[in-house]
Amino acid sequence: MNSESKKQLNIIVLGTAFMFMFTAFQTCGNVAQTVITNLNQTDFHGSGYTSMAVIYGVFSASNLISPSVVAIIGPQLSMFISGIFYSIYIAIFIQPSTWTFYTASVFLGIAAAVLWTAQGNCLTINSDENTIGRNSGIFWALLQSRSGQSKMTKAVDAFKRSIKLCGTKEILLLSITTAYTGLELTFFSGVYGTCIGAVNKFGTEEKSLIGLSGIFIGIGEILGGGIFGLLSKNNRFGRNSVVMLGIVVHFVAFYLIFYNIPNDAPIASIHGTDSVAFMEPSKEVAIFCSFLLGLGDSCFNTQLLSILGFLYSENSAPAFAIFKFIQSVCAAIAFFYSNYLLLQWQLLIMAVVGFFGTLSFFTVEWKAPAFVSKASDYSSI
């Protein structure tokens with residue numbers, strides 16, 4: 001097996017492993033609030049939204065140190081240990097108690113930051129400048145280690161680069177787009193499934209529709225990742241077109257959800273809601289919106305990863321850490337306010353941030369050549 005074939009195999013194995021792990025985790029996130037609402041009749045007292053807010057809050061803080069952790073213990077061991085914590089969190093649902101549920105959420109937040117940073121390192125090792133476009137859907141990278149550096153020196157160096165990049169114009173502009181991906185991640189991975197499960201007008205199928213919604217979100221993600229990630233040629237005009245498609249798809253989804261799902265669905269009690277929005281709730285429309293949410297999310301994420309790989313091909317560790325930091329902070333905030341805000345206000349927040357995030361992405365993309373020359377300066381920090 002030649003070198004290129006081995007790299008491709010490594011990416012396939014890594015992607016398959018993440019598919020299995022996040023199939024389990026995303027399923028937990030999708031049904032957590034619905035399941036826990038029923039458990040709260042017992043001695044258990046918790047909130048799926050709050051758990052996710054804790055996970056993403058800790059995740060965001062841990063992204064500041066995750067490049068240093070991976071630099072010290074290496075990507076393979078980092079992913080192995082992090083994967084164990086994902087399994088522990090999922091296992092908590094077998095016999096949950098309030099303190100173990102929230103404690104596991106804290107440790108999972110730390111593990112998630114390390115896991116995704118280590119994943120980026122492995123992808124970098126198995127990618128080159130000719131495969132950035134093809135791998136943009138999964139491209140996150142850490143700067144390759146220099147020969148002769150001590151582990152502590154590498155850890156401090158990785159941290160310094162992250163801080164240095166925070167104030168750059170391109171990162172500040174892309175942070176608005178990244179913030180939007182955090183908000184809509186919260187919505188499609190936790191809130192929307194809860195909304196569907198709370199609509200009594202869907203009849204006896206309301207709870208089973210949560211799983212079907214997750215499947216169609218996944219179909220949208222896979223379709224978008226395949227078309228816009230694996231087949232991307234990484235040209236500048238193409239990135240803007242895909243992001244434009246993503247925001248249009250999401251706006252259509254938000255409009256249909258607003259008309260189809262009752263406003264009190266995200267915060268409904270265990271008995272659900274008998275309210276009606278602007279149309280009689282339609283299961284077909286609800287599932288179609290799930291597909292649109294997944295498709296739009298893949299449009300934004302593949303192109304964000306692509307442009308970060310393009311701008312920081314020699315210095316991607318801090319850029320990746322900042323990307324995950326901003327995304328997870330906004331996801332944590334969104335999970336927190338999901339406990340209180342009606343559906344219409346959650347949709348409005350996403351629509352406004354998505355609009356400005358699209359404009360900021362366009363600005364960076366149009367000025368990408370100028371930014372690349374400046375970004376290369378940070379590789380020597």
Between Tyr259 and Tyr255, does the ring centre distance come in under 6.0 Å?
yes

Of all heavy-atom pairs between [X] and [Y], which one has the smallest distance, and what is that distance?
X	Y	value
Ser298	Gly224	OG-CA, 3.1 Å
Ser51	Tyr89	OG-OH, 2.9 Å
Pro281	Asn260	CA-OD1, 3.3 Å
Pro266	Val191	CB-CG1, 4.2 Å
Ser78	Val114	CB-CG1, 3.6 Å
Ala332	Gly57	CB-N, 3.3 Å

Once you round to the nearest 0.5 Å, how far does [atom1] of [X] lie from [atom2] of [Y]?
X	Y	atom1	atom2	result
Leu212	Ile217	CG	CD1	10.0 Å
Thr103	Phe101	OG1	CZ	11.0 Å
Leu304	Leu174	CG	CG	6.5 Å
Trp366	Asn240	CH2	CG	6.0 Å
Met350	Thr181	CE	OG1	12.5 Å
Leu108	Ser87	CG	OG	10.0 Å

Return yes if some donor-acceptor pair links the side-chain N/O of [X] with the main-chain N/O of [Y] below 3.5 Å, else return no.
X	Y	result
Ser105	Ile55	no
Asn301	Asp297	yes
Asn263	Leu342	no
Tyr192	Ala286	yes
Ser213	Leu209	no
Ser82	Met79	no
Thr177	Gly357	yes
Gln346	Phe187	no

For residues [X] and [Y]: do they belong to one hydrophobic cluster (side chain heavy atoms under 4.5 Å, members Ile, Leu, Val, Met, Phe, Trp, Tyr)?
X	Y	result
Leu347	Phe188	yes
Ile261	Ile267	yes
Phe258	Ile287	yes
Val364	Leu359	yes
Ile222	Leu295	no

Compare all side-chain heavy atoms of [X] with those of [Y] and state whether any distance is below 4.5 angstrom.
X	Y	answer
His250	Glu184	yes
Tyr56	Leu185	yes
Met52	Thr186	no
Val243	Phe300	yes
Val285	Cys289	yes
Phe361	Thr178	no
Ser290	Ile196	yes
Phe291	Leu223	yes

Checking Val353 against Cys330 for the side-chain contact (heavy atoms from CB on, under 4.5 Å) test, could you report, in this order, the C-alpha distance in whole Å, the side-chain angles of both residues, the deciding distance, and whether it holds?
CA-CA 11 Å; Val353 178; Cys330 292; over 6 Å; no

Is it the case that atom CZ in Phe107 sees more than 12 heavy atoms from other parts of the structure closer than 6.0 Å?
no

Tyr86, OH: over 12 other non-hydrogen atoms inside 6.0 angstrom
yes

Assess whether side-chain contact (heavy atoms from CB on, under 4.5 Å) is satisfied between Phe254 and Leu293, documenting all intermediate values.
CA-CA 9 Å; Phe254 297 160; Leu293 290 173; 4.0 Å; yes

Yes or no on side-chain contact (heavy atoms from CB on, under 4.5 Å) for Phe85 and Ile110, after CA distance, side-chain angles and deciding distance?
CA-CA 9 Å; Phe85 283 100; Ile110 299 171; over 6 Å; no

Which residues pass the side chain to side chain contact (heavy atoms under 4.5 Å, CB included) test with Val329, sequence neighbours left out?
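Partners of Val329 under the side chain to side chain contact (heavy atoms under 4.5 Å, CB included) test: Ser60, Phe325, Ile333.
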
Working note: Val249 + Cys299, criterion side-chain contact (heavy atoms from CB on, under 4.5 Å); need CA distance, chi angles, decisive distance, verdict.
CA-CA 9 Å; Val249 165; Cys299 291; 5.8 Å; no

